[in-house]
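Values in this document were obtained by computation on a predicted structure and should not be read as measured data. Side chains included, hydrogens not; waters and symmetry mates left out as well; all remaining heavy atoms used. Letters A, B, ... are given to chains in the order of the sequence lines, protein chains preceding strands, and every chain is numbered from 1.
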Amino acid sequence: MIRLYDTARAEVRDLSLRRPGRVSMYVCGPTVDNLPHLGHGRFTLVWDVARRWFTFQGLSVHYVSNITDVEDKIITRARRESRSETEVAAQFEAEWWDAMDRLGVIRPDDSPHATRYIPEMIELIASFLERDVAYVTSDGVYFDVSTVPDYGLLAGQPLESLRAGARVEENNEKRSPLDFALWKNAKPDEPSWPASFGEGRPGWHTECVVMALGLLGEDFDLHCGGLDLKFPHHENERAQAEAAHRAFARHWAHNGWVMVGDDKMSKSLGNFTSLTDLLEKTDPRAYRLLVLRSHYRSPIEISPATIADAERALGRLDALARRFDLPELGGERFELASSQPWAEESLELYERVVAFMNDDLNTPLAVAELFEALSVANASADEGRVAAARRLAEAINSLFGAMGLTLLAGSYVLDEVAEKLVLERDAARLARNWADADRLRDELVARGWIVEDGALGTVIRRP
RNA sequence: GGCGGCGUGGCCGAGCGGUUAGGCAGGGGCCUGCAAAGCCCCGUACUCCGGUUCGAAUCCGGACGCCGCCUCCA
């Protein structure tokens, strides 16, 4: 049984599925107005790991994640750069998918775009107006949050106390500062669509309700996103579903922040680092390992030091892959039924990892377990119990693969010069001519190779 | 003001009543011609002050420090 923290109930509970064996999940995606930042990298990795784990446990997953392609910041940027909103959105969506591919994040089964769901949104807003849970002001249509009895469920506080803390609102036509825009009336030269309640464009909170219900149906299983979406975004999605009398998410799950020093990294603070930059400078797997080494609900600190730390740890994993010549797993959708016959040496490891993962995706404990097993596998091999060591190494590889982390034995083409140097060095070593052997090693190192002495002689690889 | 979270060894980061977390870095050793890789051993941490308990990093109370949400944000 998989257990997961549910924000709506503020407790870890059994994942209760609409249909046994199938998980429907909706993950709030990006607004494509800029390069993806580290926070985007974290949430996509966290929910990618969840998805892969569910699959690994034999569940069939329907994963939906949206692209918000109509929004204030896109308009602002288009204006500033004198080009169309469509162009801006297309550019950054391309950047988005490029980064996701490099991170090894499996693409969603569906990635709906807000602009393709305008009619459905208009229909929903019209029904709210009809039923008087929304009202028209001079700048658009607003949702009246007081019509939803348990508004504030996700925020963990009642409407009155949320209202008490709300900042002074510039729009005094709103009945409550918490009321949110369903529809923004068109301004000159902005993208807009016709509607019975006026030409305009949708507010942000409506698209996800329409797309989640449209693609996953009522009473879908899991709604995920960053902690900053808990309130007001997810609260407002919920409110609309309630108002529409449609069963919404059974579970709500939120991942923690990426921190920069002591502060949350965010667009508004302007302290964000682009994911694209990170991926150019480092092995993308280092970020995945970093994410796996802390719990998804905890804040993580991403810095050059923590990334370097993860890269070195990764080095040990890759060394295992080299030692046992392990196959590359996890790169694409890696599925391995839990019924796979696990060798005696690895069954216990498998069971412990499964127990940790199924308990609210405790990846840090799972990873710790796998690193311990890594030492055991190496020790066994050192002691000559090679077959047992290999089976354990294969289990480690599979379990990391299940989390989307691919261990790389590394492949490279030996050039003629390197090949010749290796042969010469082996000959020198055989003749116990250490001076020549060391000189030849220096030459290989100078040519960019890492040189190790294996049981069969000189082994070289690229860093 | 309301709500929520955090403070762990050099760094990152788990644990959430009794047992070694794990990684990285560092020290010592084994192996090796040397080096690398690998293995073994080592640091003996829990912001502070009280309390509960046979026993607390873990529960309760208080203090201090920090962060987040209540506004767009993953």
Side-chain angles (χ1 to χ4, degrees), chain A residues 10 27-31 33 36-47 71-73 152 154-158 160-170 177-178 180 204 224-233 235 254-259 261-269 272 275 289-290 293-295 297-303 305-317 319-320 322-323 356 362-372 374-383 429 432-435 437-438 441-442 445 450-454 459-461:
Chain A
V27 179
C28 273
T31 297
D33 68 315
H37 57 66
L38 294 181
H40 293 113
R42 185 178 192 192
F43 95 78
T44 48
L45 283 168
V46 163
W47 302 116
E71 205 267 338
D72 290 7
K73 284 191 286 289
L154 291 176
Q157 50 184 325
E160 310 79 64
S161 97
L162 283 167
R163 182 179 287 154
R167 294 169 203 195
V168 182
E169 188 67 40
E170 66 290 345
L178 297 170
F180 57 92
W204 179 43
C224 312
L227 203 47
D228 46 358
L229 296 187
K230 183 172 79 167
F231 191 92
H233 183 55
E235 191 75 53
H254 295 96
N255 59 274
W257 313 113
V258 170
M259 306 293 288
D262 280 337
D263 294 314
K264 163 195 165 191
M265 188 182 74
S266 76
K267 286 188 188 175
S268 53
L269 291 176
F272 62 89
L275 178 61
L289 182 58
L290 213 44
R293 285 201 320 193
S294 64
H295 189 82
R297 289 192 278 124
S298 301
I300 50 171
E301 185 167 341
I302 308 295
S303 67
T306 60
I307 287 285
D309 184 308
E311 283 187 306
R312 283 189 293 262
L314 208 48
R316 266 185 85 199
L317 297 178
L320 185 82
R322 279 197 304 281
R323 184 169 193 176
F356 288 137
N362 199 330
T363 55
L365 285 179
V367 168
E369 199 66 43
L370 289 166
F371 267 97
E372 283 196 6
L374 176 141
S375 291
V376 172
N378 276 319
S380 299
D382 283 354
E383 290 159 14
R429 291 188 70 225
R432 307 187 79 77
N433 180 350
W434 308 129
D438 289 349
R441 176 168 57 200
D442 290 345
V445 169
I450 290 174
V451 182
E452 292 175 9
D453 290 346
V459 176
I460 62 173
R461 63 189 166 91

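- In this structure, the side chain of E235(A) engages the main chain of G152(A) through a donor-acceptor pair within 3.5 Å.
- When the C1' atom of A74(B) is taken as reference, atom CG of D33(A) falls 12 Å away, rounded to whole Å.
- Proximity note for F371(A) (side chain, C-beta onward) versus C39(B), G23(B), C70(B): the nearest is G23(B).
- Across all strands, S303(A) comes closer than 4.0 Å to no nucleic acid atom at all (heavy-atom distances).
- A57(B) and C48(B) have their C1' atoms separated by 14 Å, given to the nearest Å.
- Using P as the reference atom, A36(B) and G29(B) are 14 Å apart when rounded to the nearest Å.
- Atom pair R322(A):CZ and A36(B):P shows a separation of 15 Å (rounding to whole Å applied).
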Footprint string (nucleotides 6-21 of chain B, 5' to 3'): B base within contact, S backbone only, - free, heavy atoms under 4.0 Å: ------SSSS-----B

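- Between the side chain of D228(A) and the base of C69(B) there is no donor-acceptor pair of N/O atoms closer than 3.5 Å.
- Nucleotide U19(B) forms no Watson-Crick or G-U wobble pair with any nucleotide shown, as no partner meets the under 3.5 Å limit on both distances.
- Proximity of a side-chain donor or acceptor of S380(A) to a complementary backbone N or O of V376(A) within less than 3.5 Å is detected.
- Going from atom CH2 of W434(A) over to atom P of U32(B) covers 12 Å, rounded to whole Å.
- In this structure the side chain of S294(A) reaches within 4.5 angstrom of the side chain of R42(A), judged on heavy atoms.
- Within the shown strands, C64(B) is the pairing partner of G7(B) under the Watson-Crick or G-U definition, both distances less than 3.5 Å.
- If you check C24(B), C69(B), C72(B) against the side chain of A313(A), the one that comes closest is C24(B).
- A distance-only check finds no donor-acceptor pair linking the side chain of T363(A) to the backbone of R293(A) [under 3.5 Å].
- Between I300(A) and W257(A) the shortest side-chain heavy-atom distance does not fall below 4.5 Å.
- For the pair V258(A) and A435(A), both in contact range of RNA chain B, the more 5′-proximal nearest nucleotide belongs to A435(A).
- Using P as the reference atom, G10(B) and C6(B) are 23 Å apart when rounded to the nearest Å.
- Distance CG (L374(A)) to P (G23(B)): 9 Å, rounded to an integer number of Å.
- At the heavy-atom level, P232(A) lies under 4.0 Å from the strands shown only through sugar-phosphate atoms.
- Checking the phosphate oxygens (OP1, OP2) of G23(B), a side-chain nitrogen or oxygen of R316(A) falls inside 4.0 Å.
- Contact annotation: N255(A) does not reach the phosphate of A74(B) (side-chain N/O to OP1 or OP2, under 4.0 Å).
- Taking atom CD of residue E311(A) and atom C1' of nucleotide G23(B), one finds them 14 Å apart after rounding to whole Å.
- Map V367(A) and G454(A) each onto its nearest nucleotide of RNA chain B; the residue landing nearer the 5' end is V367(A).
- Within 4.0 Å of R432(A), counting heavy atoms only, lies no atom of the nucleic acid at all.
- The residue R312(A) sits close only to the backbone: its heavy atoms come under 4.0 Å of sugar-phosphate atoms, none of a base.
- Protein atom CZ of F231(A) is 12 Å distant from nucleotide atom P of C69(B), rounded to whole Å.
- No donor-acceptor pair under 3.5 Å is formed between the side chain of R297(A) and the backbone N or O of H254(A).
- Regarding R163(A), its CZ atom lies at a distance of 13 Å from the C1' atom of C70(B), rounded to whole Å.
- Side-chain contact check for E369(A) versus F356(A): some heavy-atom pair is nearer than 4.5 Å.
- With no hydrogens or angles considered, a side-chain donor-acceptor pair links N378(A) and R323(A) at under 3.5 Å.
- Summarising the geometry, the separation between CE on M265(A) and P on C72(B) is reported as 19 Å, rounded to the nearest angstrom.
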